[in-house]
Peer 1: 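Please find one structure pasted underneath; my questions will follow.
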Amino acid sequence: MAAILAFGRYLPDRILDNAELAQMLNCDAAGIVDSCGIEERRIAAPEESVADLAERASRHCLEKAGVDAGQIGLVILSSGSSERRFPGPASQLAQQLGLAGVPAIDLPFASAGGLFGLALAAQLAPAYGLVLVAAAEKMSGAGLAEPLDRNVAILFGDGAGACVVSSAHGGLEIIDSVLHSDGTYTRDLRLEFTGPVQMSGRSVILQASRRIPAAISEVLGRNGLNQSNVRVFLLHQANSNLTERIAKAMTVPSDRFFSNIRRYGNTSSASLLIAASEWLEQKPPEKGDWACLAAFGAGFHWGAVLVRRA
Amino acid sequence: MNEEMQAKLAAIVRRVSGKEADPDPEESLFDSGYLDSFALVDMVSEIEREFGLKIPDSDLNPRRFDSLNRIAEYLSSRGA
């Protein structure tokens, strides 16, 4: 058993709205909303690194949890948009938090990275003590890189999310998780060291629309639950049209899917933890409430994590 | 493709695309504007319902669903 003590987030101040983006892309601003549900996204400053974004989200999270950084025994950082081949930003994040010497693990994931980090932290917390999970992305540059793909350029924003996981009982308990990967589709969604994100939207949407509901059903089913028992579903914020298809496939009203994609766009691996952070502040669960987090992304990697308010 | 299957598939494409005209059996449903990524999801669900089968995730290659003829070919291989 493990529990989430708090979530945190950081979104850069700079807002890129659809009117400005449409001018850059020479396209229709209203069409952007129709195709993905995004109205604006945040853009990090050029001098802000992925580790910097992660640090800000982590400090917000630690403050929320009432935990001093020095109590952290393990750092996990997911990013698919870090600046270097190696080292990844995890050790830099740890150092910036005053945790030099504490083990720090990079997860070079895209959209499912926050979820995988959370699931791994639940397993590792009994061995390492408090685990800080962060996911940070500077995806806007990758989305707007040449050769420009409008279908990709409209989606991505920058930001970071974080959570602290403890092996103690109480709070938001992590009950179970399921994780899956399938390299068959490696080429369908990828970011090389140069150029923009390359995405076969048809393949990604088709697979995600099936794999996410399946992962949710799997984790609920093996805990004797079904979707009617779950108060809120928190998904990687990829595209509002995808979330609607998933809600329909699961026969769950779409208002039980927390969404903030309108304001932040798709922040890749950071999106799930950012959404969870806002959900916990805006609609805190009551004792006994179930929530299910799920994500799907490049790899393909996907899965679901089941939590309950103790 | 027999006439019954073609009529069923054309009706599904009309429903998910919102278009009134039937697509040509050979033409690409994506290139001709009948389907986008999300309408493809809807179409696959409708095909499963209409033909009473479950299409496994490993068969969900968009190219299989690019035209009425390709869909019919796949469905025939599944015994539909």
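Proteins come first, then strands; the chains are lettered A, B, ... in the order of their sequence lines, and each starts at number 1.
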Peer 1: Tell me which of these, A:Arg211, A:Arg245, A:Glu244, has more heavy-atom pairs under 4.5 Å with chain B than the rest.
Peer 2: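 Heavy-atom pairs under 4.5 Å are most numerous for A:Arg245.
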Peer 1: Show the nearest heavy-atom pair for residues A:Ser203 and B:Pro62, with the distance to one decimal.
Peer 2: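 Heavy atoms of A:Ser203 and B:Pro62 come nearest at N-CG, 3.7 Å.
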Peer 1: For A:Ser209, is it the side chain, the backbone, both, or neither that has a heavy atom closer than 4.5 Å to a heavy atom of chain B?
Peer 2: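 Side chain only.
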Peer 1: Is the CD atom of A:Gln282 crowded by more than 12 outside heavy atoms at less than 6.0 Å?
Peer 2: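 Enclosed: over 12 neighbouring heavy atoms sit under 6.0 Å from CD of A:Gln282.
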Peer 1: Looking only at non-hydrogen atoms, find the nearest pair between A:Arg210 and B:Ile55 and report the distance.
Peer 2: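 Heavy-atom minimum between the residues: NH2-O, 2.9 Å.
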Peer 1: Taking atom SG of A:Cys36 and atom CZ of B:Phe38, what is their separation to the nearest 0.5 Å?
Peer 2: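 Spacing of SG (A:Cys36) from CZ (B:Phe38) equals 8.5 Å.
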Peer 1: Does any backbone or side-chain atom of A:Thr184 lie under 4.5 Å from a heavy atom of chain B? Answer side chain, backbone, both or neither.
Peer 2: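 Looking at A:Thr184, nothing touches chain B.
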Peer 1: Minimum heavy-atom separation for A:Gly201 and B:Ser37, please, with both atom names.
Peer 2: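 Here A:Gly201 and B:Ser37 meet closest at C-OG, 3.5 Å.
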Peer 1: Does A:Arg202 form a side chain to side chain contact (heavy atoms under 4.5 Å, CB included) with B:Leu35? I'd like the steps, not just the answer.
Peer 2: CA-CA 10 Å; A:Arg202 293 168 196 162; B:Leu35 296 182; over 6 Å; no
Peer 1: Check whether B:Val44 gets within reach of chain A through its side chain, its backbone, both or neither, counting any heavy atom under 4.5 Å.
Peer 2: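 The side chain, not the backbone.
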Peer 1: What part of B:Asp36 lies closer than 4.5 angstrom to a heavy atom of chain A: side chain, backbone, both or neither?
Peer 2: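 Looking at B:Asp36, nothing touches chain A.
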Peer 1: By a 4.5 Å heavy-atom criterion (distance strictly below it), what part of A:Asp182 contacts chain B: side chain, backbone, both, or neither?
Peer 2: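 Neither part, no heavy atoms under 4.5 Å.
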Peer 1: Kindly give the heavy-atom pair with the smallest separation between B:Leu40 and A:Leu206, and that separation in Å.
Peer 2: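 That closest heavy-atom pairing would be CD2-CD2, 3.8 Å.
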Peer 1: Taking all heavy atoms of A:Tyr185 and all of B:Asp57, pick out the closest pair and write down the distance.
Peer 2: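 That closest heavy-atom pairing would be OH-O, 3.6 Å.
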Peer 1: Check whether more than 12 heavy atoms from other residues, nucleotides or ligands sit under 6.0 Å from atom CZ of B:Arg15, and answer yes or no.
Peer 2: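 Check passes, neighbour count above 12.
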